[in-house]
Amino acid sequence: MPSGFIIRKNQYYDSVFLMGISKRISDVPGVLQNAVLMGSETNKELLADIGIRGPQIEAALPNDLIMAVIAETPQIVREVLDRLDEFLLGGAQVASTSNPHSFEEGLVQKPNANLAVISIPGEYAAREARKALHAGLNVFLFSDNVSIEDELELKQFAAKKNLLVMGPDCGTSLIGGVGIGFANVVRRGFIGAIGVAGTGLQEFTSQVHNAGFGISHAIGTGGHDLSDQIGGLTTFAILDALEADPQTKVIAIISKPPGVKTLVRLIDRIKTCTKPVVGCFLGTRAESHEAKAKFQRSSTIDEAVWRAIDLAGGETVTDKIEFTPEENEWIAHEKTSWNSEQKYVRGIFAGGTFCYQSQQIFRDEGVVVYSNAPIDSKYKLQDSNRSLEHTFVDMGADEFTLGKPHPMIDGTLRKQRILTESRDPQTAILLLDFILGYNASMDPVGELLDAIIEAKQTTKKRGMHLIVVASVSGTDGDPQDLNLQIKLLKEAGVIAFHSSAKAASFCRKLLK
Amino acid sequence: MEFKISELLQMPIVVINLGLKKFAESLEEQKVEVVQVDWAPPAGGDKEMMDLLDQLL
């Protein structure tokens, strides 16, 4: 296929900006594939994967911009490459020429800064985080692809200085009511949270708000913090801080399975905590405890919300996942429309925590689910792009997001997967999640709506029936319109819930 | 000046944002004091050169 590339020396742009440019180029008729990237080694490998290579590419530096196009004709390739400036200018917001270009320059402009928020490529992120810690700042490290050795070194250094490192791979924090990264608008209150699972923290804080209660602080630690290699350095530091915080009455910990040794140490520490603690360690089995015990385990995020509210002295409308008579009737009716081939649920998740929690809900009822991010490695998909029996896919996993935007920001890959699954005659249910809040897509449902409608129509034409179930995680204060998002889903025939655990439980009930 | 964790929870956060502009924008929307750093790899991204620069500074 005709292809070409252009390199601009020393012209650096951030990855989200470049992905936006790439998307606009994809819309040009005749363009089959394109990439607009900085010349890092990782990106050069991505280019080689699509057949773009050569001595100039090899010689490109991380500060050099590379635009590569594969199109139907050489003329289209040439035309698109000639329009590079137009695409870049079209994507650019009004840039301030007085913006600093380094951490050091930033510190000169803001000498009173107490937090560095870092979202630069992982290979440089540890260095900048170290500088911030040296300067006495706390760090919110969104970047991923930071080595575990660097993470340990940063957190050990931070511990000596009584500073916080949230991350790497930390997407969410709410500190003093301020949302950092992907965060929802929630009222202030008495419930504190520690998030070792990013979208899990968003779901927890949103549900607390939706139940009429509030959050003191909800702080992310990054996904590896409770591994035995890191030993919970950030989690323990936040636990100390929330224990001492006058606003916080109860502390919840939302996490995937911690390392075995770290979990033991954490539970020992929790038992000495002067405030009640709810531990939601998804994927682990919680032993039972007394109803009013100061340390309680919960199996789902929803249960963690109910227990936290109860321990903070509040009352909740419900303390279990249950369905209305109308919903039960609907279940009984809808499954009669399946044909005998349709037997599987396919979950296509933007939130890794939701993918994990949904697997747990099925596993606890003895149902095997395959995944690219499995709870049990026995059920790992051989090919993340090909579902097997019941499958829940984490579309935010590395294999889908290298060089591409996360599904919380851009629905393109999820749209394609919806259509793929709808072409499989064994698909009975699609399970989707939508996550609102700062920095997420402004219309997550809208982005997938056409694909959902097409999937249902494709299935209908084959004389089959596709049930689509979804959860929408967010609050009425979020920049997106929560009620409208739910309305759009319902109008498209999707059964929508405010809780991912409830949506997964509904799917389980449908399949019984 | 060092801002300990407990102080971070009690005082307004003041941010230096390195990287994605949208993060600074969402903080500004929430009336947080933030400076956007249009970060680019120093020394053209050459890691050896960056190490040398770090040693000099």
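Residue numbering restarts at 1 for every chain, and letters A, B, ... go by the order of the sequence lines.
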* To do: Might you point out which heavy atoms bring A:V117 and B:F23 nearest each other, and give the distance in Å?
  => CG1-CD2, 4.0 Å
* **Segment of A:I175 engaging chain B (4.5 angstrom heavy-atom cut-off)** => side chain
* Which pair of heavy atoms, one from B:V35 and one from A:P100, lies closest together, and at what distance? -> CG2-CG, 3.8 Å
* Measuring heavy-atom distances to chain B, does A:I219 have an atom under 4.5 Å in its side chain, in its backbone, in both, or in neither? -> side chain
* Would a 4.5 Å heavy-atom cut-off, applied to side chains only, mark A:P246 and B:Q10 as touching? -> yes
* To do: For A:A241 and B:I5, work out which heavy atoms get closest and say how close.
  => CB-CG2, 3.7 Å
* **Segment of A:A116 engaging chain B (4.5 angstrom heavy-atom cut-off)** => both
* To do: Quick one: pull up CG in A:L164 and NZ in B:K4 and give me the separation to the nearest 0.5 Å.
  => 12.5 Å
* Does the side chain of A:Q247 reach to within under 4.5 Å of the side chain of B:L9, using non-hydrogen atoms? -> no
* To do: Provide the closest heavy-atom pair for B:I16 versus A:A113 in the form atom of the first, atom of the second, distance.
  => CG1-CB, 3.6 Å
* To do: Can you measure from CZ (A:F140) to CD1 (B:I13) and round to the nearest 0.5 angstrom?
  => 9.5 Å
* Distance, nearest 0.5 Å, that separates OH of A:Y438 from CD of B:Q30 -> 4.0 Å
* Below 4.5 Å from any heavy atom of chain A, which atoms of B:E33 appear? Answer side chain, backbone, both or neither. => both
* Structure fact -> Hits for ring-ring contact (aromatic ring centres under 6.0 Å, His included) against A:F182, two or more places apart or cross-chain, chain-then-number order -> A:F142
* More than 12 heavy atoms of other groups within 6.0 Å of A:Q56 CD -> no
* Asked: In terms of ring plane angle, is the pair B:W39 and A:Y124 parallel, tilted or perpendicular, where the classes change at 30° and 60°?
  -> tilted
* Shortest non-hydrogen contact from B:S26 to A:N439? -> OG-ND2, 3.1 Å
* Asked: Where on B:V37 is there a heavy atom nearer than 4.5 Å to chain A: the side chain, the backbone, both, or neither?
  -> both
* Structure fact -> Rounded to the nearest 0.5 angstrom, the CG-CE distance for A:N112 and B:M11 is 8.5 Å
* Asked: What's the shortest heavy-atom distance between B:P12 and A:N114, and which atoms?
  -> O-ND2, 3.1 Å
* Measure the spacing between CD1 of A:I409 and CG of B:L20 and express it to the nearest 0.5 Å. => 7.5 Å
* **Contacts of residues 187-195 of chain A with chain B (heavy atom under 4.5 Å)** => none
